[in-house]
Protein chains: 2
Amino acid sequence: MAKRGPYRKGEAKRAEILEKALEVFAVEGYRGTSLRKVAAQCGLSMPGIMHYFDSREDLLTQVLKKRDEDARARHHDPLTLPSALEIIGESQHTPGLVELFVSLAAAASDTGHPAHAFFEERYRVFRETLAQRLEEAQRQGRIRAGLPPERLAPLALAVADGIQLQWMVDRSIDMSQAFADLFQLLEWVPAETGEPSD
Amino acid sequence: MAKRGPYRKGEAKRAEILEKALEVFAVEGYRGTSLRKVAAQCGLSMPGIMHYFDSREDLLTQVLKKRDEDARARHHDPLTLPSALEIIGESQHTPGLVELFVSLAAAASDTGHPAHAFFEERYRVFRETLAQRLEEAQRQGRIRAGLPPERLAPLALAVADGIQLQWMVDRSIDMSQAFADLFQLLEWVPAETGEPSD
DNA sequence: GTCTATACGACGATAGAC
DNA sequence: GTCTATCGTCGTATAGAC
């Protein structure tokens with residue numbers, strides 16, 4: 001566990017910068033927060049923090065990756081429908097990170113963007129996991145049939161993402177509500193406690 | 001109809017710039033398209049085009065406003081569910097404008113942003129109009145009950161917006177399909193031809 | 001490997017000449 | 001109404017101290 005290899009401290013410092021950056025974007029918002037401001041919060045010069053990242057967009061991508069990991073750690077690892085609802089509710093406390101997510105997703109539409117692979121993978125995994133949960137629920141009769149899980153999954157993901165756009169501009173919108181409404185439409189009923197998943 | 005008043009040419013020129021800017025963003029994409037490039041396409045210097053707009057973000061807002069107006073003009077004015085489906089399908093041909101829309105929506109989460117009022121109004125009007133169509137459809141039994149129109153409207157809007165994020169990163173996604181799937185879930189059936197609306 | 005200092009080009013904004 | 005010139009800030013690149 002002690003220092004081993006020359007990269008040991010480097011990784012720690014890199015993680016520290018990431019953590020600080022996450023906090024800065026959460027507190028001060030994404031728009032108008034320059035790398036120099038982030039660097040100042042880390043007590044470093046701007047090239048100082050860029051020693052650990054390829055580019056600004058690389059740093060932003062890592063921030064979103066860490067946000068996902070933090071959320072995954074806060075809840076039980078395998079994403080379930082109730083935990084998805086919780087995560088959506090939690091994001092209401094960090095509008096700056098939602099802003100960062102949406103902004104970077106738009107920029108990442110370019111195939112050559114550093115975050116493109118991240119978003120592609122993220123959406124793919126989320127859709128697959130979601131589809132699994134929905135398939136289980138359908139098989140157990142806890143959810144309406146009518147649409148196959150592979151079609152329901154992107155739909156549910158779209159609701160989760162899309163309601164964010166409305167919420168950003170009108171904070172009185174309840175994001176959890178919208179997601180829950182979709183499942184009410186599906187006549188979803190929770191799994192029995194002790195069941196493997198949901 | 002002829003020139004009347006000193007502002008006559010100004011408005012025409014302004015509209016011309018807007019039209020050209022819309023085209024530039026549609027063709028070349030949003031990211032990496034500077035005001036100087038737009039200006040060059042207009043045969044003007046950058047301060048030249050800024051004579052007609054308060055700021056870069058003001059110009060971008062007007063571009064999105066014109067995009068909405070163009071879409072509204074292409075279809076019958078009162079938004080119906082089938083025409084909403086068409087508009088979503090059409091946006092697949094202009095990824096640069098989708099990128100612009102999402103990017104600006106994120107930035108406009110700031111209350112002081114020039115586009116904030118535009119998005120607030122846009123979402124409000126869309127939700128209200130959608131809710132009206134859904135209410136009619138429910139009353140005529142052409143759509144499942146279970147959720148009131150005021151809750152269904154933001155949900156449908158979220159699907160339309162959210163599927164864009166997935167599509168931007170994976171162009172094989174069919175945006176119209178996702179929107180149609182929601183209405184399949186609602187067991188929606190089209191209004192009779194000759195009916196007032198849908 | 002870690003970090004500072006410095007310089008560079010491009011951006012949006014703006015002042016002032018014409 | 002439109003230009004040139006300039007400003008401050010951004011992200012980036014590099015040289016070199018330690």
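In the text below, chain A, chain B and the rest are named by the order of the sequence lines, each starting its count at 1.
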Of the nucleotides [options], which one has an atom closest to the side chain of [X]?
X	options	answer
A/Ser34	D/dT12, C/dT2, D/dC10	D/dC10
A/Arg36	C/dC11, C/dA13, C/dA7	C/dA7
A/Leu44	C/dG12, D/dC3, C/dC3	C/dC3
B/Ser45	C/dC3, C/dT4, D/dT4	D/dT4

Next on the checklist: Please report the interatomic distance NE2(A/His75) to OG1(A/Thr80), rounded to the nearest 0.5 Å.
Outcome noted: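 Output value for this atom pair is 8.5 Å.
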
Item to check | Pairwise distance CD1(B/Ile163) to CD(B/Gln177) - rounded to 0.5 angstrom | outcome: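 It is 9.5 Å, given to the nearest 0.5 Å.
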
Item to check | Residue pairs, two or more places apart or on separate chains, that pass ring pair (Phe, Tyr, Trp, His ring centres under 6.0 Å) and touch residues 120-163 of chain A | outcome: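 Passing the test, one end in residues 120-163 of chain A: no pairs.
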
Item to check | Sub-4.5 Å side-chain heavy-atom contact between A/Ser34 and A/Met46 | outcome: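 The answer is no; the side chains never approach within 4.5 Å.
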
Could you give the [atom1]-to-[atom2] distance, from [X] to [N], as a whole number of Å?
X	N	atom1	atom2	value
B/Leu35	D/dC10	CG	P	18 Å
A/Arg31	C/dG12	CZ	P	14 Å
A/Met46	D/dT12	CE	P	6 Å
A/Ile17	C/dG1	CD1	C1'	13 Å

Next on the checklist: Checking side-chain polar atoms at under 3.5 Å, does A/Asp170 have a donor or acceptor matched by the opposite partner on A/Gln166?
Outcome noted: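 A/Asp170 vs A/Gln166: no donor-acceptor pair found between side chains.
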
Next on the checklist: At a heavy-atom distance below 4.0 Å, what parts of residues 49-58 of chain A sit against DNA chain C?
Outcome noted: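 Only A/His51, A/Tyr52 qualify.
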
Checklist entry - Can you check whether B/Leu147's main-chain N or O pairs, donor with acceptor, with B/Gln138's side chain at less than 3.5 Å? => result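 Between the backbone of B/Leu147 and the side chain of B/Gln138 there is a qualifying donor-acceptor contact (under 3.5 Å).
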
